[in-house]
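Heads up: the structure comes next, in structure tokens.
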2 protein chains.
Amino acid sequence: MKKSIDKSLEIKKVKPTAMRQLVLDILSKQDHAIGLPELEMQFAQADRTTLYRTLKTFVDKKVIHSIDDGTGTIKYAVCTDTCHCNPSELHVHFYCIKCGKTTCLTDIPIPDIQLPENYFAENINMVVKGLCDRCNRG
Amino acid sequence: MKKSIDKSLEIKKVKPTAMRQLVLDILSKQDHAIGLPELEMQFAQADRTTLYRTLKTFVDKKVIHSIDDGTGTIKYAVCTDTCHCNPSELHVHFYCIKCGKTTCLTDIPIPDIQLPENYFAENINMVVKGLCDRCNRG
DNA sequence: AATAAGTTTGCAACCCAGTTGCACAAATTA
DNA sequence: TAATTTGTGCAACTGGGTTGCAAACTTATT
Ligand SMILES: [Mn+2]
Ligand SMILES: [Mn+2]
Ligand SMILES: [Zn+2]
Ligand SMILES: [Zn+2]
């Protein structure tokens with residue numbers, strides 16, 4: 001298996017089981033964020049529960065981050081090795097209503113907002129819905 | 001009281017049936033955004049489908065707006081009479097992980113972000129997750 | 001008024017992503 | 001080795017959302 005996969009798991013302190021290596025490898029190859037059902041389909045035969053728990057472990061250990069794009073299916077994408085998923089590190093996500101793909105706009109940090117007095121932000125989910133560059137011509 | 005309900009429906013061009021008046025009245029009285037299941041519970045006996053379709057009509061006609069707060073249950077809150085739900089009119093929402101309430105931060109507009117070339121934004125969902133002022137002391 | 005057409009409502013059945021319980025397998029520790 | 005912890009697989013369940021269809025109601029036409 002890939003060196004970088006094991007390295008990532010090691011950095012985030014996740015035991016590199018065969019299943020986890022496989023899942024992270026698949027997630028790393030995606031050009032867009034995918035959900036549990038889509039992940040399931042990339043296996044000839046795989047158990048939903050195991051994949052589900054693998055994703056959960058990954059999110060807990062910040063190997064990947066989850067994106068609620070409003071479609072009813074939570075999407076996932078890999079984090080950088082240095083990511084701690086703090087509000088200040090988060091980026092904007094984009095959901096294209098034509099091709100249905102959810103993508104990380106890694107270059108666009110979520111703007112800092114001034115919450116009302118005494119509010120505490122632990123996490124922020126910002127999803128822009130519209131047309132991606134591929135779908136927005138013709 | 002009932003006057004303003006009918007007025008709102010009229011402005012948004014929704015026929016004021018008994019059901020719709022009732023639902024909008026309930027929604028107007030909330031101090032936080034509520035979902036279909038919670039709405040259903042506010043009736044002694046009510047049909048989920050009718051409430052579901054009422055909410056859908058309201059969203060379509062921009063009487064209310066929907067909020068995906070990441071809990072798996074879409075929440076709804078009334079729009080202002082002048083709201084057209086354009087990206088520039090949208091505000092930030094807050095989900096409190098302690099009291100579980102989702103609220104409109106109507107005073108905090110969603111910051112304008114610079115999308116990559118050729119991207120088109122139709123809608124934006126921005127939800128801050130954390131502790132609300134009530135829950136963030138003690 | 002009577003009829004026809006369109007709209008709204010109610011019931012039942014369904015979909016599907018997510019989740020839990022439990023038993024078995026594999027890895028780790030004593 | 002034996003005991004303990006951790007990971008995996010199967011099945012069954014949950015719950016919010018959604019659809020199909022028929023009855024009730026409203027509006028338009030004759
Ligand atoms: Mn991302
Ligand atoms: Mn709102
Ligand atoms: Zn697209
Ligand atoms: Zn709270």
Side-chain angles (χ1 to χ4, degrees), chain A residues 1 5-6 9-10 12-27 33-61 63-77 95 100-102 125 127, chain B residues 5-6 9-10 12-27 33-61 63-77 95 100 102 125 127:
Chain A
M1 188 57 60
I5 297 293
D6 285 348
L9 291 174
E10 191 191 336
K12 299 300 174 67
K13 300 198 169 70
V14 177
K15 243 191 293 183
T17 67
M19 197 72 222
R20 288 169 182 168
Q21 289 170 326
L22 213 47
V23 169
L24 183 52
D25 187 48
I26 290 175
L27 287 170
I34 65 173
L36 176 53
E38 203 176 338
L39 175 64
E40 208 180 340
M41 287 190 296
Q42 308 231 8
F43 290 81
Q45 57 90 258
D47 180 55
R48 196 162 68 254
T49 311
T50 303
L51 296 176
Y52 164 71
R53 285 196 264 241
T54 300
L55 290 174
K56 196 166 193 182
T57 301
F58 282 179
V59 171
D60 285 350
K61 297 301 183 66
V63 176
I64 61 177
H65 58 279
S66 66
I67 307 140
D68 188 332
D69 59 13
T71 61
T73 309
I74 298 168
K75 304 302 192 309
Y76 302 90
Y95 171 72
K101 284 186 181 172
T102 299
N125 189 46
V127 177
Chain B
I5 297 293
D6 285 348
L9 291 174
E10 190 190 337
K12 299 300 174 68
K13 299 196 168 72
V14 176
K15 243 190 292 181
T17 67
M19 197 71 222
R20 289 170 181 169
Q21 289 170 324
L22 212 46
V23 170
L24 184 53
D25 187 49
I26 290 175
L27 287 170
I34 66 172
L36 176 51
E38 202 175 338
L39 176 64
E40 208 179 340
M41 287 191 295
Q42 307 230 9
F43 289 81
Q45 58 90 256
D47 179 56
R48 197 164 67 252
T49 310
T50 303
L51 296 176
Y52 164 73
R53 284 198 264 241
T54 301
L55 290 174
K56 196 165 194 183
T57 301
F58 282 179
V59 171
D60 286 348
K61 298 302 184 67
V63 176
I64 62 178
H65 58 279
S66 66
I67 308 140
D68 188 332
D69 59 14
T71 60
T73 310
I74 299 167
K75 305 301 193 312
Y76 303 90
Y95 171 72
T102 299
N125 188 47
V127 176

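For dG10(C), neither phosphate oxygen OP1 nor OP2 lies less than 4.0 angstrom from any side-chain nitrogen or oxygen of T49(B). Between Y52(B) and the phosphate of dT18(D), there is a side-chain N or O to OP1/OP2 separation shorter than 4.0 Å. OP1 or OP2 of dT9(C) sits under 4.0 Å from a side-chain N or O of T17(B).
In terms of position on DNA chain C, the residue among K56(A) and R20(B) whose nearest nucleotide sits closer to the 5' end is R20(B). Two residues, K15(B) and G35(A), neighbour DNA chain C, and the one matched to the more 5' nucleotide by heavy-atom proximity is K15(B).
For L36(A) and dG9(D), the CG to C1' distance is 15 Å, given to the nearest whole Å. Residue K13(A) contributes atom NZ, which lies 16 Å from atom P of dT6(D) at whole-angstrom precision. Note: CZ (F43(A)) to P (dT8(D)) measures 11 Å, nearest angstrom. Between I34(A) atom CD1 and dG18(C) atom C1' there is a gap of 16 Å when expressed in whole angstrom units. Spacing between atom CD of E38(A) and atom P of dC16(C) amounts to 15 Å, rounded to whole angstrom units. What separates CG of D47(A) from P of dT8(D) is a distance of 10 Å, to the nearest Å. Rounding to whole angstrom units, CG of residue L39(B) and C1' of dG16(D) are separated by 13 Å.
Each of dC10(D), dG17(D), dT6(D) was ranked by its minimum atom distance to the side chain of R48(B); first place goes to dG17(D).
Nucleic acid contact for T73(B): sugar-phosphate only, since backbone atoms but no base atoms lie under 4.0 Å from a heavy atom of the residue.
A rotation axis mapping the C1' atoms of four pairs onto the next four is fitted at both ends of the helix from dA1(C)-dT30(D) to dA30(C)-dT1(D) over five pairs, and the angle between these axes is 20° to 10 degrees.
Taking only distance into account, the side chain of R53(B) meets the base of dG10(C) through a donor-acceptor pair shorter than 3.5 Å.
In this structure, D69(A) contributes its side chain and Y95(A) its backbone to no donor-acceptor pair below 3.5 Å.
When all heavy atoms of K75(B) and A33(B) are compared, the closest pair comes out as CB-CB, 3.7 Å.
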